[in-house]
Structures are given as C-alpha cells and as structure tokens.
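Have a look at the structure below, then the notes.
A, B, ... follow the sequence lines: proteins, then strands. Residue 1 opens every chain.
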Amino acid sequence: MSSLPLPPATDFIREAINEDLSSGRYTRVHTRFPPEPNGYLHIGHAKAICLNYGLAQAYGGKFNLRYDDTNPSKEGMEYVESIKEDVRWLGADWEDRELYASDYFVQLYAWAELLITKGLAYVCDLSADEVRAHRGTLTEPGQESPYRNRSVEENLDLFRRMRAGEFPDGSRTLRAKIDMAHPNLNLRDPVMYRILRASHHRTGDTWCIYATYDYAHGQSDSIEGITHSICTLEFEDHRPLYEWFIQAIGIYAPRQIEFARLNLTYTVMSKRKLLQLVQQGDVRGWDDPRMPTISGLRRRGFTPSAIRDFCARIGVAKRDSVVDVALLEHCLREELNRTAPRAMAVLRPVKLVLENLPEGHVETFEVQINPEEPAAGTRAVPFSRELFIERDDVREVPPPKYWRLFPGNEVRLRGAYLVRCTGVVKHPATGEIAEVRATIDPDSRGGNAPDGRKVKSTIHWVSAAHAVEAEVRLYEHLFTCPDPDQAPVGGSWHDNLNPASIEVLTGCKLEPSLAAAQLGDRYQFERLGYFCVDPDTAPGRLVFNRSVGLRDSWAKIERAQQ
RNA sequence: UGGGGCGUCGGCAAAUGGGUAAGCCACGGGACUUUGGAUCCCGCAUGUGCAGGUUCGAGCCCUGCCGCCCCAGCCA
C-alpha cells in the first residue's frame with residue numbers, strides 16, 4: 001500500500017496520514033466511528049462518519065463501527081439500533097466489524113490487574129466528593145489519596161472483591177497511579193473502574209464494575225488495530241492519558257488526531273439539549289423534521305448524498321466554527337433540482353373561474369416532469385373551468401413590482417393558457433378574496449403567446465374537480481437566532497425556541513398524479529420548494545413535509561418594501 | 001490564574017523549503033427564463049487578531065501583547 005501514490009492532502013488530517021505512510025510509521029489506514037449509544041446521531045456525527053469512512057475509502061483501508069458502551073446507566077438498545085440505521089443510511093460500510101467496547105471487558109479487566117501488578121494502579125476508598133477535594137484546582141496541585149500506596153497484593157485482592165460484588169456502588173474505585181500534581185488534570189490519578197450495579201444492554205449483570213471511557217477508549221482502538229484515531233478537540237487533553245495506558249500495558253499504539261466539531265446556525269447540537277427537546281415535547285421526537293438529527297433530516301427529506309456533499313464542503317480543521325445552515329439547505333436544493341420530479345400543488349388555495357370556458361370543460365396537458373432533465377418525460381395534468389391557485393398569487397391592489405394576478409393583468413397558467421384577470425369576488429364579511437375571475441386566450445394553448453407577447457409571470461394551478469387533498473407541513477428554523485446559546489439575561493437557550501418552527505396546512509390541493517406518491521418520494525412543488533412524503537401518510541391521508549423552500553426573490557423584494 | 005488548543009472576507013476554508021491572499025455559502029447587481037426557480041456573467045479581504053522585528057520580499061520566520069475555546073464527572 002505504501003507503494004501506491006498517496007491521495008491529495010486536502011486537509012490537515014490527510015496531511016498527517018500521508019506523512020505517517022511516507023515515514024513508515026503506519027503501512028495501512030484503519031479508522032472507526034465510536035459513538036456512545038446514549039442518544040440519536042446528529043449532523044455533527046455525520047461529519048465524523050464521513051471523515052472516518054472517507055479516510056478508509058481514500059486510502060483503501062478499513063472502517064469499524066464501535067460502540068463505546070462503558071456506561072450502562074445511560075445506554076440502551078434503542079440507541080444502538082438507531083445509530084446502526086443512521087450510519088448505514090449515510091452510506092458508511094463497516095462490513096462485519098460491528099464492535100463494542102463491551103466486547104473487550106475481559107481483556108480490559110486483565111490489563112487492569114496487570115497495571116496493579118506493575119504498581120501503576122491502586123484501589124482507592126475515597127468517596128466521589130473526597131476524590132474531587134483531593135484533585136486540586138486548575139492552578140493548585142492535588143493531594144495524594146491516603147490509599148495510594150497500598151501493596152500490590154492488597155490492591156489485587158480489593159480489586160477482585162470489587163469485581164465480585166463485595167462492596168457497595170461508589171464505595172471504591174480503581175485509579176491509575178500517575179501524578180497528583182500534574183498540570184493536566186486528566187493525569188491526576190484518573191479513575192479506571194467504578195462500582196456500578198446497572199444491567200448492561202449486552203453483558204447483562206455479568207459485571208458490577210465498569211471501565212471508564214478514558215480507560216477503555218484507547219485500548220479499544222489498540223485492540224482493533226486502528227491506525228488513526230480521529231476525535232474531537234475536547235479529547236486533546238486526554239491523549240497523554242491514552243498514551244500512558246498503552247505504554248504502561250505495552251500494546252500497539254494508534255495515532256490520535258483531533259478536529260473541531262460541527263456547529264450549525266439556528267440549532268443546538270449537544271445530545272443533552274436534543275434529549276431535552278424530545279423529553280419536554282418541544283418537538284415530536286428524535287426524528288422530528290426540525291431536529292438536526294440524522295433521523296430528523298431523513299424525515300425532512302434530506303438525501304444521504306446531500307449530507308455527504310455538505311460534509312465534504314465544510315472541510316475539516318481545528319478552528320471552532322459555526323457553519324451557516326444555509327449551506328446545508330443549498331446542498332439539498334442543488335441535488336433535488338437535478339433529480340426531483342416537478343408537480344403542481346396549491347398550498348393556500350383560492351378558486352379561479354375561467355369565464356369563457358363552458359361548464360364541465362376538461363382537457364389534459366402534458367407537462368414536463370423535470371425541465372433540468374428532458375429525458376424524464378412528461379406527465380398528464382387535467383385542466384378545467386375551475387381551478388385552485390395560490391392565494392399569494394392574487395392581489396386586488398398590486399404592490400410595486402408585483403406582476404402576478406390582479407384585475408386587468410395577464411399571467412400564464414403553467415403549461416396551460418394565458419389568462420387575464422377580469423375581477424375578484426370578495427367575501428362580504430371579511431373582505432378577503434373568495435374567488436378570482438379570468439378569461440383564457442384560447443390561442444395560447446400550452447402557454448405559448450400566439451403573437452409572442454411577453455407575460456411577466458407564470459403561476460401554478462390545480463384543477464378543482466381533479467385535485468387530491470393533502471396535509472402539508474412547513475418548517476422553519478427551530479430557533480429564532482443564529483446562536484441559541486446567546487440568551488437574554490436570566491434566560492436560557494430554550495427561550496430562543498421558534499414558536500413558528502412548524503406550520504401545518506390542511507386542505508392543500510395537489511395535482512392528481514401525486515395521489516400515487518409513496519413514502520420516500522421527493523418532489524419539487526413548482527415555485528414552492530422540495531417536498532417529501534411523511535411517514536404519517538396512510539391510505540386516504542397524504543402528508544407532505546417541505547424539505548426546503550426554493551429561493552424566493554419576490555419574498556426579498558416584499559420584505560424590503562416593508 | 002496551571003495545562004491544552006485556536007485566531008485569514010458576513011459564515012466555512014485554501015495558500016506547507018517566505019514570492020506578493022483559491023474556492024464555496026451568504027449578500028448585491030445584470031442577462032436569460034413557460035418555476036420571481038435553475039443557469040450564465042459581474043461585484044464582494046491594498047488585506048491575514050494587535051504591535052514591533054528579520055528580509056529585496058512576511059498570512060507564513062522571531063519577540064511581545066490581545067482575544068476565543070476546552071479541562072477541576074466514579075459522563076463520553
């Protein structure tokens with residue numbers, strides 16, 4: 001492999017790997033994605049998955065999925081299943097290497113005894129509070145535990161009895177004997193094992209002591225032969241500890257490289273906050289389309305390729321950063337513009353009556369499925385005397401630059417005819433437009449002006465008699481500000497939740513071809529955005545989600561006018 | 001304040017024996033258009049946290065400041 005030409009060093013991690021391969025420090029590349037099964041994966045994890053799997057692919061290496069399941073009190077099967085589904089959906093392939101830190105519990109335990117034997121670990125009887133008090137502070141050294149210098153025999157005996165269940169939870173720990181005065185707090189005799197009577201989702205009640213993440217993680221990588229252990233910045237301080245364990249035990253050493261985790265505007269990314277949103281009912285679940293979770297994005301209509309593209313575009317670096325969510329949305333639009341079939345859907349319908357057409361008139365138009373891809377062909381769309389059009393496409397009195405329907409103005413009905421508005425009928429009580437009247441130009445069939453005259457606007461429509469009804473859910477950012485943590489004094493991130501993040505529209509009118517839409521289908525509703533079928537869809541009940549809106553320059557003009 | 005990191009356009013992010021600041025998103029303007037979409041053009045850092053220094057030449061090297069992030073779980 002080292003004889004193959006090296007892939008381009010497009011980021012600092014690939015640069016480091018290329019150096020390692022050139023120098024012979026490693027002769028292959030083996031990465032892993034190491035989630036803790038205590039929550040659902042989010043777009044930040046997607047960055048890590050794409051990075052690690054991408055590395056394995058680029059270097060012809062391997063990629064493992066390994067659960068760091070060392071804390072049974074917070075973990076569970078629901079999470080391991082969802083994680084597996086999400087990683088697979090994103091396209092990362094761990095082949096037969098679905099691994100668990102819990103697979104290594106016996107080995108980890110044996111190495112703990114080895115460290116005790118070497119005088120490098122001891123059983124400590126201090127309580128959690130006492131351990132904290134002994135740790136010192138950022139600027140002051142800690143105090144050594146009074147149990148630090150027990151004999152190897154006593155330590156071994158005590159540790160074995162810890163494992164045997166002779167002591168209550170939290171009463172003792174196994175600690176690494178390093179340096180209580182070390183400026184890096186992680187090296188001030190860190191806990192390796194705690195007593196915890198919790199049933200583990202894989203090992204059941206076999207153990208009542210569990211290794212800490214710090215003790216388990218590095219050795220797990222070592223056991224798996226990971227060459228490049230990619231993790232986020234906050235573990236930079238832990239690297240010396242992992243190296244200490246590996247050196248003390250005397251086993252193979254991977255190289256850890258840290259990168260900055262992903263942050264996105266208008267959302268939160270910590271598992272704790274996401275869990276809170278789910279538990280408090282602020283959203284409808286982990287897969288709520290407003291969530292930055294993989295399952296939320298999937299339900300929202302995102303494609304794995306759009307997410308992969310996003311991850312490639314944001315790059316990898318060590319600088320703390322916040323990526324504009326607009327880039328994520330852009331990646332989806334770019335893909336769906338190419339691939340999504342078009343359809344007409346009227347979300348906020350108002351009736352349009354074509355006065356110069358006879359009652360009961362029906363004809364059919366063949367409309368392009370995707371103008372970006374003529375090969376996709378056409379679909380049949382029924383047309384009749386009474387249509388539904390978008391309420392926003394009609395004004396009694398047009399504002400400046402408005403060139404849609406208003407009395408006297410002519411627009412094109414997409415794929416059908418040119419029509420001129422002859423007036424509006426208003427609801428007597430509310431004054432709201434109840435019906436729009438217009439006449440067609442019979443010579444403009446298909447939407448072509450017979451004399452080549454220009455019409456500024458083309459609007460979409462649905463034949464009233466043929467329309468299928470649907471519920472359509474519109475989503476906005478979950479939070480009202482780019483950085484939800486920027487809370488008003490006395491408030492919290494939670495106060496920045498956007499009360500208008502979801503709007504449910506019922507009675508929407510869709511062109512009849514949409515009646516056949518299946519779960520997983522994505523469409524562009526012309527002039528509106530990209531929509532996908534929601535799993536709440538059932539026989540007789542069609543539900544769509546707006547994945548992302550189209551760019552809307554009229555909305556910008558309108559906003560500027562206010 | 002001890003330790004570990006990081007400061008390049010509004011947001012990401014390149015520039016790697018020092019050679020005269022890529023690209024993408026966003027934003028603004030124009031062309032074109034049977035989606036106010038898409039597409040295509042144009043604009044968008046005399047400037048790299050600040051101040052000095054070395055050099056013919058500095059985002060890259062040196063010195064000193066300043067700012068931001070992480071660490072005091074028997075969480076990961």
#### Entry: Base B:G37 paired with A:E372 side chain (donor-acceptor, <3.5 Å)
yes
### Message
Using a 4.0 Å heavy-atom cut-off, does A:L174 contact any base of the nucleic acid, only the sugar-phosphate backbone, or nothing at all?
### Response
nothing
### Message
Using a strict threshold of under 4.0 Å (side-chain N to carboxylate O), is an ion pair present between A:E511 and A:R379?
### Response
yes
### Task
Syn or anti for B:G73, please, going by whether the chi angle lies within 90° of 0.
syn
#### Entry: C1'-based separation of B:U54 from B:G2 [nearest Å]
33 Å
### Query
A:T458 has a side chain; which of B:A76, B:A13, B:G36 sits nearest to it?
B:G36
### Query
Given atom NZ of A:K271 and atom P of B:A76, what is their separation to the nearest angstrom?
11 Å
### Task
Select base, sugar-phosphate, or nothing to describe what A:S553 touches, counting heavy atoms under 4.0 Å on all strands.
sugar-phosphate
### Query
So what does A:E15 hit on the nucleic acid, given a heavy-atom distance under 4.0 Å: a base, only sugar-phosphate, or nothing?
base
#### Entry: Option passing side chain to side chain contact (heavy atoms under 4.5 Å, CB included) with A:Y193 (candidates A:T173, A:L108, A:V123)
A:L108
### B:G36 base / A:R404 side chain donor-acceptor hit below 3.5 Å
yes
### Query
Is A:L528 touching bases, backbone alone, or none of the nucleic acid, heavy atoms closer than 4.0 Å?
nothing
### Message
Distance check, P atoms only: B:C9 and B:C71, in whole angstrom units.
### Response
26 Å
### Query
Given that A:D324 and A:R333 both sit by RNA chain B, which one's nearest nucleotide is further toward the 5' end?
A:D324
### Message
Please report the distance, rounded to the nearest Å, between CG in A:L327 and C1' in B:C12.
### Response
7 Å
### Task
Please report, rounded to the nearest Å, how far the P atom of B:G11 is from the OH atom of A:Y266.
13 Å
### Task
Mind checking which stems touch RNA chain B? I mean at least 3 consecutive Watson-Crick or G-U pairs, both distances under 3.5 Å.
B:2-7 with B:66-71, B:10-12 with B:23-25, B:27-31 with B:39-43, B:49-53 with B:61-65
### Query
Does a distance-only test, which skips hydrogens and angles, find a donor-acceptor pair under 3.5 Å between the side chain of A:D552 and the base of B:G36?
no
### Message
Looking at A:R445, I want to see if its CZ is surrounded by more than 12 non-hydrogen atoms of other residues, nucleotides or ligands under 6.0 Å.
### Response
yes
### Query
Could you state the CG-C1' distance from A:L241 to B:C75, rounded to the nearest angstrom?
15 Å
### Message
Rounding to an integer number of Å, can you tell me how far A:R319 CZ sits from B:C6 P?
### Response
11 Å
#### Entry: Rounded distance in Å - CE (A:M269) to P (B:C12)
13 Å
### Message
Heavy atoms from C-beta onward define the side chain here; which of B:C27, B:G4, B:C74 lies closest to that of A:V191?
### Response
B:C74
### Task
Give A:Q524 one of three labels, base, sugar-phosphate or nothing, depending on what nucleic acid heavy atoms sit under 4.0 Å from its own.
base
### Query
In whole angstroms, how far is the C1' atom of B:U35 from the CG atom of A:D393?
11 Å
### Task
Please measure how far the P atom in B:G57 lies from the corresponding atom in B:G18, and state the result in whole Å.
15 Å
### Query
Got a salt bridge between A:E224 and A:R32, using NZ or NE/NH1/NH2 to carboxylate O under 4.0 Å?
no
#### Entry: Any donor-acceptor N/O pair, A:T293 side chain to A:W286 backbone, under 3.5 Å
yes
### Task
For the side chain of A:E36, starting at C-beta, report the closest nucleotide among B:C75, B:A13, B:C70.
B:C75
### Task
Grab the CD-P distance between A:E526 and B:U33 for me, whole Å please.
18 Å
### Query
Contact class for A:T70 vs. all strands (heavy atom < 4.0 Å): base, sugar-phosphate, or nothing?
sugar-phosphate
#### Entry: Which residue lies more 5' along RNA chain B, comparing A:R239 with A:D169 via nearest heavy atoms
A:R239
### Task
Anything under 30° is parallel, anything over 60° is perpendicular, the rest tilted; go ahead and classify A:Y213 against A:F235.
tilted
### Message
Looking at A:D392 and A:R527, is any side-chain nitrogen of the basic one under 4.0 Å from a carboxylate oxygen of the acidic one?
### Response
no
#### Entry: Same-atom distance (C1') from B:U55 to B:U8, integer angstrom
22 Å
### Message
Just to be sure I understand the rule, does A:R412 reach a base, reach only the sugar-phosphate, or reach nothing, if contact means heavy atoms closer than 4.0 Å?
### Response
base
### Query
Is the closest basic N to carboxylate O distance between A:R239 and A:E258 below 4.0 Å?
yes
### Message
Tell me whether A:R313 is salt-bridged to A:D309, with the criterion being a basic N under 4.0 Å from an acidic carboxylate O.
### Response
yes
